[in-house]
Structure formats: C-alpha cells, structure tokens
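Comments concern the structure below.
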Amino acid sequence: MLRIWILLAALYSMPVLAETAPGDSPYVLYAPLNSEKTYLLNGENKVVKEWSSEHRPGMVAYLLEDGSLLRSGMVADETNIFYQGFQQKGPNVPTFNVGGIIERIEPDNSVSWKYTRYSDTFMPHHDIQLMPNGNILLIGWERKTRDEAIAAGRDPKTVTEKWGLWVDSILEIKPTGPESGEVVWEWHAWDHLIQNFDSSKANYGIPEENPGKLDINYWKFRTGPADMMHTNAVDYNAELDQILISSYAYSEIYVIDHSTTTEEAASDAGGRQGKGGQFLYRWGNPEAYGHVRTGITTTAAQHDANWGASNRSIWLYDNNRDGRSTYVFNISAPVQPDGSYPVLAGGAHGPVFPDFQSELGFDDTALGTARKLPSGNVFSCDCINGLAIFIEEDGTISKELKLTDNISDSALASAPSAFRILAYEHDNPGIRKLLNP
C-alpha cells in the first residue's frame, strides 16, 4: 500500500516564503470561491505563498503541519443532479455548495493525493477535516427518491420527483494511493430520523421525546430544491472520539459518537455512549426537536462550528437569518468526564447563554469563520467581502484586512467571497515549515 499521505513535505523542494509578517500578526489563508488559487497573506496583508489547483474550492482549504494544503475542489459537472439543483438559484450558486474532489497540494504545488467521489446519488459538499490518523472526514449529500422520502415519513408536499430528498452523511476516507481512498467509517442521518406527520409511515414518534433523532419534516432555512440539512461544518475531537457537525437548515450543531463501528453508527446502540449513531448533543435551536425556545440563546443558520482548546469549548459563527446582527459565539458544552451530555430541566440541551459573544457589525447570512487563536484572540471574517477580522479577548474588533488589496486577480474585484477564511500564528507547524524548509 502506498504511503503518499504520510510523506513529509521535507521530501519536496519547498520555496522560501517571499516575505514574513512583522511582529506577532497571524498569517491568513484565503481560498476565494471564484478562483483556482489559494493565498497565504502576512500581517501586512501581502501575499507570501500561492497554491494552484485546476478546480475552484468546494469549499475549504486548510494549512497542514507539514506545510501542504488540504483543499476541497468543486466539480463543475453540468450533468450532475446536485450541480443542477443549486444552479436553479443562479449561475454562481453551485460554486458555493458542491464539492466532489479533495486534494493535498504540496508547497511546490505538486499534488500528492487527489480523491474524486461524486455521482447523481452522492455529492461531497462544504467541509472536510483531517484526522490525527491521517484519514479525512467529509460531508456528503445522499439523494433519496421521492418514494423513499415519503416512506420515511416526509410530507409529500415538500419533496418532488425530480430532486428527491438530499440527506447528509459523514464519511471517513483513508488515503490508499495517489488518487484513491477507502471508506473506513460512515454515519448517515437517514438512519436516525423521527416524524410525527404520518403514523402509517416509518420513524413515527414524538421528536421532543427523541432528542437523539432528526425530525425529517423540520426545515427552518431552505437551501436548494431538496437539501434537507445543509450541513456546513465538520470537526473531530480526538480525546472524546466525537464528531461535531453544523446544520444550516435546522440551525443546530450536533455531536455524534465516532467510537462506534459503521454498523453501530447505523443503529441506536453501541459505542462508548451506548447510543450508536444518535445525537449525543445538540444546541442552537430547541424548536427543531419540539422544545420552546423562550429564554435559551438560539442560533441563526450558523457556520464553522469547531472545538476550541478544551472538550467543553465550542466556537461558531452565528449568521444573521433572524433579522439580527452577525455574531461570533463560544459556548461551554455540558460534556461530562465520560463523554456524555446531560440536558437541562425540561429536556433541552444547554447552555442557556454563550460564554463569549462578539457582534461583528454587519449582516452575513451565508458564510463565516469563528476561531480561537493560541494567543487568546479570536479570528473571524466578513467572508462575503473578503475581510479578515481580528477580535480581542473582550470581544472588541481590533483589526480588519481587505484581503484583495494586494492580489492581482480581476475576478476577485467583484466577487471576493470565501466560504471560510483562516488564521495561523507564527508558531504554527505549517507556517514554520514554510518559513524554514
């Protein structure tokens, strides 16, 4: 078996960065949705490194510890049903949704691994995550037929023959060669549904009494003709062996148990928590599982849910879809030493209020970043306009950078959007590898 995935970038000829940032200002990684290039900029907002691909992002890019880039790519396949589905909303919308390709691009721009997986029944989208074992988590839509959706308890008025119903799954991919990978673990939301719409159909029950399951008929924010969950973030906690995901359409974040086998993940039993693939924890919108929202902070189509420095810390970007401003939130998830999550009195998951919030001063309904840096400061973005935002520990904004100011790419002048913009401090291993090849 080839070991391309674990080769160190030191085996390649890595160019020295053109310049370094002064002081302690972080570097910023920018993968504009309208470009095949990914840029690394220093604290003076100057480009110091570029990576090139044949594909626009689909939709993220991450700097790895060896100085390489892990990047998802968009398949611009006009015959694909998922591509066609989002194209109904406008010619540029597919850029902001479909994926299909994952590349590991080395500092010398060689591609050490490329994985392609998509069809008319499955499409990766939005986010990927490198795990400590070298495998990659990806989010994927599974297209179910109208008949399958109705049999599972979906309201027939909300599903069409052409589009069916797109339900999210999480796959763990093990790289096996320069252009191949093996699915070694998987979780499917389809296996954990509940509905109180039709007692004659499968999954009938009371959502309020089944917080570990997803109501197939709840849909707060609609995106695309058949996109049920619109999961936009995935993150992995190695200590807990748990996966965090974020659903735009349900306006919730969820935690699932990765310690299960694939068979257990398809059931309601097994794994460290004994719950199989059911949700261990959910937060952001109690209404989605039948609880009154009064008095509990709720999110609005959030993005970039990610674990902070501790098992209790979760960061997220709270988008403006409820007529309010855009925020960065940090919450303390009520995880116990054994990895379980108790609920509040009444059955909803807490906390009631976030530990940290910063109002960003603009309205953003579609994109976003919320990351705690090792320095203690917080990094965010106005991703629609290509702005990097640095936030102090007290929540005040200390600095903004318009990333296109020093990039010679006419396509970005009118379309500078990036799905997610990330920051890396000087002592980050990937930055150090690039600075000192």
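Remark: the backbone N or O of S375 is paired with a side-chain donor or acceptor of E425 at under 3.5 angstrom. Judged purely by atom type and a 3.5 angstrom limit, T326 uses its side chain to pair as donor or acceptor with the backbone of F362. Without hydrogens or angle criteria, H303 side chain to A366 main chain gives a donor-acceptor distance under 3.5 Å. Although no hydrogens or angles enter the test, the distance criterion places no donor-acceptor pair under 3.5 Å between the side chain of D304 and the main chain of A233. Without hydrogens or angle criteria, S251 side chain to A301 main chain gives a donor-acceptor distance under 3.5 Å. Listed for the N285 side chain is a donor-acceptor partner under 3.5 Å among the backbone atoms of Y250. For S313 (side chain) and S310 (main-chain N/O), no donor-acceptor pair under 3.5 Å exists by modelled atom type. Listed for the T369 side chain is no donor-acceptor partner under 3.5 Å among the backbone atoms of L422. Q302 places a side-chain N or O within donor-acceptor distance of the main-chain N or O of S247, the cut-off being under 3.5 Å. Of the possible polar contacts, one joining the K399 side chain to the G43 backbone as a donor-acceptor pair under 3.5 Å is found.
With rounding to the nearest 0.5 Å, the separation of CD1 in I421 from SG in C383 is 4.0 Å. Annotation: the span from I431 atom CD1 to L40 atom CG amounts to 4.5 Å, rounded to 0.5 Å. Taking CG of N97 as the start and NE2 of H125 as the end, the distance is 8.5 Å to the nearest 0.5 Å. The distance from the NZ atom of K49 to the CG atom of L63 is 10.5 Å, given to the nearest 0.5 Å.
Residues I173 and V183 meet the side-chain proximity criterion, which asks for heavy atoms closer than 4.5 Å. You'll find the side chain of R154 reaches within 4.5 Å of the side chain of N217, heavy atoms only. Inter-residue side-chain proximity for R56 and L33 is flagged as unmet; no heavy-atom pair is nearer than 4.5 Å. The side-chain heavy atoms of W141 and V167, taken from C-beta on, include no pair separated by under 4.5 Å. Looking at N330 and P354, their side chains never come closer than 4.5 Å, going by heavy atoms from C-beta outward. At a threshold of 4.5 Å between non-hydrogen side-chain atoms, the residues T365 and I384 do not count as touching. Under the 4.5 Å side-chain criterion, counting only non-hydrogen atoms from C-beta, I136 is in contact with P175. Side-chain contact between M59 and D127 is absent, with no heavy-atom pair separated by less than 4.5 Å.
Of the residues Y424, F390, Y27, W315, the one that meets the ring pair (Phe, Tyr, Trp, His ring centres under 6.0 Å) test with F379 is F390.
No close placement of the F356 and F329 rings is indicated, their centers lying 6.0 Å or farther apart. A distance below 6.0 Å separates the ring centres of Y236 and H258. Remark: aromatic rings of H230 and F221 are distant, center separation not under 6.0 Å. Remark: aromatic rings of F82 and W166 are close, center separation under 6.0 Å. Aromatic ring centres of H192 and F279: separated by at least 6.0 Å. Here Y254 and Y281 keep their ring centres 6.0 angstrom or further from each other.
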Open item on the list: Please evaluate residues E36 and H55 with respect to the criterion side chain to side chain donor-acceptor pair (under 3.5 Å), reporting the C-alpha separation (whole Å), side-chain torsions for both, the decisive distance (0.1 Å), and the verdict.
Closed with: CA-CA 5 Å; E36 291 80 19; H55 313 280; over 6 Å; no

Open item on the list: Between R420 and Y62, is the side chain to side chain donor-acceptor pair (under 3.5 Å) condition met? List the steps.
Closed with: CA-CA 10 Å; R420 190 176 295 161; Y62 295 99; 2.6 Å; yes

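Smallest separation of non-hydrogen atoms from A300 and D318: N-OD1, 2.7 Å.
Checking D364 against Y317 by side-chain atom types alone, a donor-acceptor pair falls below 3.5 Å. One side chain, N237 or N311, offers a donor N or O that lies under 3.5 Å from an acceptor on the other. Checking Y218 against E287 by side-chain atom types alone, a donor-acceptor pair falls below 3.5 Å. Counted by atom type alone, S332 and D355 present one or more donor-acceptor pairs between their side chains at under 3.5 Å. In summary, the side chains of D168 and T231 do present a donor paired with an acceptor at a separation below 3.5 Å, with no hydrogens or angles considered. A donor-acceptor pair shorter than 3.5 Å can be found between the side chains of E359 and S325. With no hydrogens or angles considered, a side-chain donor-acceptor pair links N135 and E172 at under 3.5 Å.
Cation-pi check for R117 over F122 is met; the charged atom lies under 6.0 angstrom from the ring centroid and within 45 degrees of its normal. K144 forms a cation-pi arrangement with W190, by the criterion of a distance under 6.0 Å to the ring centre and an angle within 45° of the ring axis.
Note on R104 versus D66: salt bridge recorded, some NZ/NE/NH1/NH2 to OD/OE distance being below 4.0 Å. In summary, R272 and D257 do not engage in a salt bridge, as defined by a charged side-chain N under 4.0 Å from a carboxylate O. Looking at E50 and K37, a side-chain N of the basic residue comes within less than 4.0 Å of a carboxylate O on the acidic one, giving a salt bridge. The existence of a salt bridge linking R222 and D227 is excluded, since no basic side-chain nitrogen approaches an acidic carboxylate oxygen closer than 4.0 Å. In summary, R282 and E252 engage in a salt bridge, as defined by a charged side-chain N under 4.0 Å from a carboxylate O. Between K275 and D268 there is no salt bridge, since no side-chain nitrogen of the basic residue lies less than 4.0 Å from a carboxylate oxygen of the acidic one.
Below 30°, between 30° and 60°, or above 60°: for Y115 and W113 the angle between ring planes is below 30°, a parallel geometry.
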